[in-house]
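Below is one structure, written out as structure tokens; the observations come after it.
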Amino acid sequence: MAKFRISNTIRRCRFDAGEMTQKDLAEKVGVTRQTIVAIENAKYSPTLELAFLIARAFGKPLEEVFTFDPDD
């Protein structure tokens, strides 16, 4: 089965949102700080629901926060 990678701009979005902490973002979307760390570092791909919640927390469309990168 092909491997896929979901990259993101969460770190940049947090900075642009007044230097929001990982904890602040986690509380806004209802997950742990560790979950945000794992997603931000591309160690974990969020569910579609969580991805939308994260994008909404920044007031951005999903595709400005997450990018799908098929591994060639």
Side-chain angles (χ1 to χ4, degrees):
M1 177 168 224
K3 201 170 194 181
F4 301 100
R5 180 180 164 106
I6 305 291
S7 59
N8 66 76
T9 60
I10 293 173
R11 186 178 180 112
R12 165 58 56 191
C13 290
R14 287 192 304 103
F15 180 80
D16 292 344
E19 299 186 20
M20 178 189 295
T21 66
Q22 292 168 331
K23 182 181 177 189
D24 292 338
L25 177 58
E27 289 173 356
K28 280 186 176 234
V29 299
V31 297
T32 65
R33 185 189 63 79
Q34 290 84 357
T35 299
I36 297 300
V37 170
I39 294 169
E40 199 172 285
N41 292 320
K43 302 287 185 197
Y44 171 75
S45 294
T47 63
L48 187 55
E49 178 183 6
L50 181 54
F52 274 106
L53 289 172
I54 291 169
R56 180 184 289 173
F58 296 122
K60 296 182 179 276
L62 185 68
E63 58 274 1
E64 283 188 27
V65 180
F66 294 95
T67 307
F68 175 73
D69 301 316
D71 199 20
D72 293 323

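Only heavy atoms go into these numbers, but all of them, side chains included; no hydrogens, no water, no symmetry mates.
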Task: Spacing of Phe52 atom CZ and Thr47 atom OG1 [to the nearest 0.5 Å] - done: 10.5 Å

TODO: Please name the residue in the list Leu25, Val65, Asn8 that meets the side-chain contact (heavy atoms from CB on, under 4.5 Å) test with Cys13.
DONE: Val65

Task: Shortest non-hydrogen contact from Met20 toward Asp24 - done: CG-CB, 3.6 Å

Open item on the list: Could you measure the distance from the CZ atom of Arg11 to the CD atom of Gln22? Nearest 0.5 Å is fine.
Closed with: 7.5 Å

Task: Same apolar cluster: Leu62 and Ile54, side chain cutoff 4.5 Å - done: yes

- [ ] Kindly give the heavy-atom pair with the smallest separation between Ile39 and Pro46, and that separation in Å.
- [x] CD1-CB, 3.7 Å

Open item on the list: Please determine whether side chain to side chain contact (heavy atoms under 4.5 Å, CB included) holds for the pair Phe58 and Thr9, giving the CA-CA distance in whole Å, both sets of side-chain angles, and the decisive distance to 0.1 Å.
Closed with: CA-CA 11 Å; Phe58 296 122; Thr9 60; over 6 Å; no

Show the atom names and distances, to 0.1 Å, of all donor-acceptor pairs under 3.5 Å that link a side chain in residues 26-38 to residues at least two apart or in another chain.
residue: Thr32; atom: OG1; partner: Thr35; partner atom: N; Å: 3.1
residue: Thr32; atom: OG1; partner: Thr35; partner atom: OG1; Å: 3.0

